[in-house]
Amino acid sequence: MESNLFLYNTLSRTKEQFEPINPPFAGMYVCGPTVYGDPHLGHARPAITFDLVFRYLLHLGYKVRYVRNITDVGHLVADLDEGEDKIAVKARIEQLEPMEIAQYYADRYFIFMDTLNVKRPSIEPRASGHMIEQILMVKKILDAGFGYEVNGSVYFDVEKYSKSYNYGKLSGRVLDDLISNTRSLEGQDEKQHPADFALWKKAQPEHIMRWPSPWGDGFPGWHLECSAMSTKYLGEYFDIHGGGMDLLFPHHESEIAQCQAAIGHESVKYWMHNNMITINGQKMGKSLGNFITLEEFFTGTHASLQQAYSPMTIRFFILQAHYRSTVDFSNEALQAAEKGLKKLLAGYETLCKLAGNPHPQPLPQGGGETSTPLPEEEGRIEVIQQGCYAAMNDDFNSPIVIANLFEGVRLINSAADKKLTMSAQELALLKKIFDLFLFDILGLKDEKSNDKGELLDGLMQLVLALRQKSRETKDWGTSDQIRDALQKLQITVKDGKDGSVWNIE
RNA sequence: GGUUUCGUGGCCGAGUGGCUAGGCAGCGGUCUGCAAAACCGUCCACAGCGGUUCGACUCCGCUCGAAACCUCCA
C-alpha cells in the first residue's frame with residue numbers, strides 16, 4: 001500500500017513518511033480519559049485530533065485498529081496533598097462505589113464524544129480490566145533487572161536503565177538535569193533515585209481501589225496500563241502512539257522505558273502529540289474560573305460564554321487549527337467559526353441543488369441562459385481535490401483542507417449567482433470532494449434537522465406561496481410579518497431572484 | 001531555572017528564503033421593496049534587536065512574552 005502520507009514524529013522531531021509495519025494493517029494507541037470528572041475542552045482536542053487521523057487512515061484503505069484506553073484506577077486529586085486516590089476521594093464524598101463513578105463518567109465521555117462526531121475506537125480497554133497483564137509486565141521488568149521492590153511497592157530503576165538506554169530521548173530531557181531539578185521530599189521516599197517511577201504502588205488502608213499482587217494489595221503505576229494494553233492489543237511493535245503534549249514527560253517517556261525493559265525493544269514507531277488549548281490566552285484551570293465542560297459549551301451555561309456553541313462549532317474550530325499548534329478559545333473566535341461552518345454547509349446545500357440532487361430542496365425554477373459565464377479554468381476542481389489531499393498528507397493539515405473547501409464554496413456560490421458555469425462533471429467531482437473531506441474525513445455534519453418531513457414541506461410551500469402573493473401586490477407588511485413570524489420559529493426565509501428559499505436554523 | 005512548543009494583520013489561524021493562505025469583522029460596490037444570503041473590489045501582518053544572504057516573515061543568535069511538563073498520582 002503506497003501512500004504519500006507524512007506525519008510528524010515527536011521522537012525524531014521531523015515529518016516522516018508513514019510506512020506501517022504490517023500493511024495493510026495499522027495500529028494506533030491513544031491515551032484516553034481518566035474518568036473521574038465531566039468531559040471538558042481538554043478532552044475534545046486529542047479525541048478530535050486522532051479521530052481525524054483514524055478517519056484518514058481508514059480512507060487511505062488501511063485496516064486500522066484504534067485503541068484508546070479508559071483509565072479507571074488509582075488517581076490522585078491534583079489539589080490534594082495527602083496522596084489519596086482520585087476516584088476514592090470522590091467516592092467518599094458522594095457515597096458511591098468507585099467503579100460506579102468511573103462508569104458514570106466513562107458513559108458521559110462516550111456520550112459527549114459521540115456528540116462531537118468522534119468515531120468510537122476499535123477497542124476501549126479499561127485499566128481495571130487488565131490487572132493481570134500489568135502485573136505480568138511488572139514481573140518482566142523485575143526479571144530484566146530494571147525494577148526493585150520496597151515495602152510492597154515496585155519502582156522502575158531509571159538510573160540503571162539510563163546506563164544502557166536513553167531515558168529522555170522523547171522529551172529531550174537529560175537525567176542529570178532531572179536530578180538537579182528534583183526537589184527531594186523529606187521522609188516517605190522509598191525511591192532509590194528521584195527520577196524513578198512507580199510500577200506498582202502499595203495500597204494504604206484507606207485506599208478503596210486495590211488489587212492483589214505478588215507484592216501485596218495495591219494498584220498499578222500510572223504509566224503501566226498503556227504499556228500493558230497497547231502490547232496486548234497491538235503487539236510488541238506497533239505504528240502510532242498518540243496523546244496530548246502534556247503527556248510527553250514523564251508518561252510517554254516512561255512507557256518507552258517500560259517496554260524497552262520488559263520486551264527488549266521499543267514498541268512504537270511513530271509518536272504523535274497534539275498541542276494544548278488555551279482560553280482567552282490563558283490555560284484552562286479550575287482555579288482560574290475558566291474551566292468549561294463540554295456540556296457548558298453546548299448549553300452556553302458558563303459565565304464566560306456569551307452563547308451556546310454547538311458540538312460541530314467546537315469541532316470545526318479545533319480543526320481550523322493544526323493539531324500541533326495551540327488553539328485559543330474565545331467568544332469572538334468561536335462565533336467566527338460558527339459563521340464559517342455555516343457558510344461551508346450552506347455552500348454544500350447549494351452544491352447539491354446545482355448538481356441536481358433533490359436533497360434537501362429543489363432548485364428554484366427559472367433562470368435564464370443569458371448570463372455570460374466566466375471563462376472556465378482548466379482543472380480548477382482538480383486543484384481543490386489535490387489541495388485537500390496534499391494538506392492531509394502533510395501531517396494532517398486540516399486548516400488547509402478547510403481553506404480548499406472554502407475555495408470550492410466560492411465557485412459554488414458564483415455558479416449559483418450565474419457568474420460562472422460549472423459542468424456536470426465539475427459539480428459531481430466537487431460534491432465528491434465535499435462528501436469525502438468535509439463529512440467523512442473532517443467528520444463534520446449538518447446539525448440542523450434535514451428531516452423536514454412531507455407535512456412541514458407542504459405547509460411551507462403553502463405559506464411561501466401566500467407570502468409570494470402579498471409580495472406581488474407589494475403588501476410588504478404581510479410579507480414581512482410572515483417572514484418575522486417564521487424567524488421566531490427558527491425558520492429563515494431568504495428571497496432570491498428565482499423565488500424564496502427557507503431553512504431551519 | 002531546565003526541557004518542549006510557540007509569538008503572523010481588529011479577532012482566529014495556515015504557509016514560505018524572492019510569488020494570494022483561509023475564515024470572521026471593517027470599508028466601497030453589485031443585487032434587493034426591505035432584510036438575509038451571495039458576488040466583485042479593498043484596508044490592516046509577520047514580537048523586538050542584531051547577524052547570514054543579491055534578497056528574510058521564512059535561516060542563525062540574543063532579548064522580551066505565552067503555553068505544557070519538570071513532586072507524590074493518573
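Below, read A as the first sequence line, B as the second, and so on, with proteins coming before strands; counting in each chain starts at 1.
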Is [X] close enough to [N] that one of its side-chain N or O atoms is under 4.0 Å from OP1 or OP2 there?
X: A/N275; N: B/rA68; value: no
X: A/K201; N: B/rC73; value: yes
X: A/T326; N: B/rA66; value: no
X: A/K343; N: B/rA37; value: no
X: A/R13; N: B/rU4; value: no

Quick one: sort the [X] and [Y] rings into parallel, tilted or perpendicular, breaks at 30° and 60°.
X: A/Y109; Y: A/H43; value: perpendicular
X: A/H251; Y: A/H223; value: tilted
X: A/F329; Y: A/F317; value: perpendicular

[M] and [N], which share atom name [atom1], separated by this distance in whole Å:
N: B/rU42; M: B/rU5; atom1: P; answer: 39 Å
N: B/rG51; M: B/rA56; atom1: P; answer: 11 Å
N: B/rG65; M: B/rC31; atom1: C1'; answer: 48 Å
N: B/rC46; M: B/rG15; atom1: C1'; answer: 11 Å
N: B/rC6; M: B/rG10; atom1: P; answer: 23 Å

Which nucleotide, if any, forms a Watson-Crick or G-U wobble pair with [N], using both distances under 3.5 Å?
N: B/rA66; result: B/rU5
N: B/rG10; result: B/rC24
N: B/rC39; result: B/rG29
N: B/rU58; result: none

### Message
If stacking means aromatic ring centre less than 5.5 angstrom from the base's six-membered ring centre, planes under 30°, is A/W476 stacked on B/rG33?
### Response
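Stacking between A/W476 and B/rG33: present.
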| query | Within 45° of the axis and under 6.0 Å from the centre of the six-membered ring of A/F219, does NZ or CZ of A/R210 qualify? | reply |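 No, a cation-pi geometry is absent between A/R210 and A/F219.
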**Report entry** Donor/acceptor link under 3.5 angstrom from A/D480 side chain onto base of B/rG33
**Finding:**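 Present.
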*Pair of N/O donor and acceptor under 3.5 Å linking B/rA36 base with A/R483 side chain*: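 Side chain to base: no pair below 3.5 Å.
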query: More 5' along RNA chain B: A/E332 or A/D394, using each one's nearest nucleotide?
result: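 Closest to the 5' end, via its nearest nucleotide, is A/E332.
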Checklist entry - RNA chain B: A/Y323 or A/A336, which has the more 5' nearest nucleotide? => result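 Checking each residue's closest nucleotide, the 5'-ward one belongs to A/Y323.
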Interatomic distance where CZ belongs to A/F316 and P belongs to B/rC12 [whole Å]: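 Between P of B/rC12 and CZ of A/F316: 16 Å.
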Notebook entry, point to check: Taking atom P of B/rA25 as reference, at what distance in whole Å does atom NZ of A/K342 sit?
Noted result: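 It is 11 Å, rounded to the nearest whole Å.
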Would A/T71 and A/N69 satisfy side-chain hydrogen bond (donor to acceptor under 3.5 Å, both in side chains), going step by step from the backbone distance to the final call?
CA-CA 6 Å; A/T71 298; A/N69 63 301; 3.0 Å; yes
